[in-house]
Amino acid sequence: MQNMGEALSLAVQLVISGDADLFEIVGLSLRVSLSATLLACLIGFPVGALVAISRFPGRGAVLVLMNALMGLPPVVVGLLVYLHLSRSGPLGFLGLLYTPTAMIIAQTILIAPIVAALSRQVIEDLHAEYAEQFRSLCLSRMQTVTALLWDARYSLLTVGLAGFGRAVAEVGAVIIVGGNIDHLTRVMTTAIALETSKGDLALALALGLILLVIALGVNAAVQSLRMSARRQAYV
């Protein structure tokens, strides 16, 4: 095991030199998390918008459920996906267990409720402002949803970035369904856990530094989009 200073120096060297194994792990992490985020947005935005503009019996219970699902335990999601994709599960014939696809499915299930709940709040606030105008124009529900989604695009992008930030930092679910297989399903978070347990602090720190840069980049993008949204509101 290296001491802290030596490990940090080696970690920086790995990043600067463009170590192939390091960036293979980073590339897979980004591919899995971006794919899951895209799928979660395709599911969550319409669901959030429909709930936001609809009034129906039991809506309060639906809102409670949506908010509760934001806190889904990752290991439970991983276990449920594992049971469905294992050989004895209903989807075992697809052979998806211990593949990047299984990891994408698990991350999508985890972040889709977050995207749906946050987008519902954004759309509901916007709908309250334009509801009378939409009624006067006799817009259909689909036209209303489309108009609201477009008008709230900057805020929804921040929701998507929040979902990506949650996905890229996930470890519990992806290690269960992905198996942390070298050169196949090893992503940043699972690799950090493994390399730390092995005592290879250099690779773990290098991955940790990249993960921190990604987290900072996501937060910077969120702030930038919020500022853009405010400027657009006054145009």
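Considering all non-hydrogen atoms of both residues, Val177 and Ala106 come closest at CG2-CB, 4.0 Å. The shortest non-hydrogen separation linking Cys41 to Gly160 is SG-CA, 3.9 Å. For Met70 against Ala117, the heavy-atom pair with the smallest separation is SD-CB, 3.4 Å. Closest approach of Ala167 and Thr37 over heavy atoms only: CB-OG1, 4.3 Å. Here the closest heavy-atom approach between residue Ala102 and residue Val81 is recorded as O-CG1, 4.3 Å. Taking each heavy atom of Ser86 and Leu97 in turn, the nearest pair found is CA-CD2, 3.9 Å.
Residue Leu50 is grouped with residue Leu126 when hydrophobic side chains (ILVMFWY) are merged at heavy-atom distances under 4.5 angstrom, including chains of intermediate members. Side-chain heavy atoms closer than 4.5 Å link hydrophobic residues (I, L, V, M, F, W, Y) into clusters, and following such links, even through other members, never connects Val171 to Val213. Follow the hydrophobic side-chain contacts under 4.5 Å out from Val75 and you reach Leu83 in the same cluster. Connection of Leu79 to Ile109 is established within a shared hydrophobic cluster, with ILVMFWY side chains joined at heavy-atom distances below 4.5 Å, either directly or through further cluster members. Linking ILVMFWY side-chain heavy atoms closer than 4.5 Å, directly or via other members, places Ile105 and Ile43 in two distinct hydrophobic clusters.
Judged by distance alone, with hydrogens and angles left aside, the side-chain atoms of Arg186 form a donor-acceptor pair with the main-chain N or O of Asn180 at under 3.5 Å. Checking side-chain atoms of Arg120 against main-chain N and O of Val47 turns up no donor-acceptor pair under 3.5 Å. Proximity of a side-chain donor or acceptor of Thr189 to a complementary backbone N or O of Glu170 within less than 3.5 Å is detected. Listed for the Ser54 side chain is no donor-acceptor partner under 3.5 Å among the backbone atoms of Val51. Side-chain N or O atoms of Ser33 include none that pairs as donor or acceptor with a backbone N or O of Leu30 at under 3.5 Å. The backbone N or O of Met188 sits less than 3.5 Å from a side-chain atom of Ser29, completing a donor-acceptor pair. Although no hydrogens or angles enter the test, the distance criterion places no donor-acceptor pair under 3.5 Å between the side chain of Ser224 and the main chain of Ala220.
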Walk me through it: do Leu184 and Tyr98 pass the test side-chain contact (heavy atoms from CB on, under 4.5 Å)? CA-CA 8 Å; Leu184 181 61; Tyr98 302 134; 5.7 Å; no
side-chain contact (heavy atoms from CB on, under 4.5 Å) between Leu207 and Leu211, worked out: CA-CA 6 Å; Leu207 290 166; Leu211 195 57; over 6 Å; no
CA sep, side-chain torsions, deciding dist, call: His127, Thr144, side-chain contact (heavy atoms from CB on, under 4.5 Å): CA-CA 9 Å; His127 184 249; Thr144 299; 4.1 Å; yes
Val122/Leu118 under side-chain contact (heavy atoms from CB on, under 4.5 Å): CA gap, chis, key distance, verdict: CA-CA 6 Å; Val122 169; Leu118 295 179; 5.7 Å; no
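Residues Arg166 and Pro74 have side chains in contact (heavy-atom distance under 4.5 Å, counting atoms from C-beta outward). Side-chain contact between Pro46 and Val145 is absent, with no heavy-atom pair separated by less than 4.5 Å.
In this structure, CD1 on Ile53 lies 9.0 Å from CD1 on Ile123, to the nearest 0.5 angstrom. Annotation: the span from Leu72 atom CG to Ile111 atom CD1 amounts to 12.0 Å, rounded to 0.5 Å. The CG atom of Leu209 sits 11.5 Å away from atom CD1 of Ile214, with the distance rounded to the nearest 0.5 Å. Separating the CG atom in Leu14 from the CZ atom in Phe23 is a distance of 9.0 Å, to the nearest 0.5 Å. Note that OG of Ser119 is 6.5 Å distant from CE of Met66, once rounded to the nearest 0.5 Å. For the atom pair NE2 of His183 and CD1 of Ile181, the computed distance is 12.0 Å after rounding to the nearest 0.5 Å.
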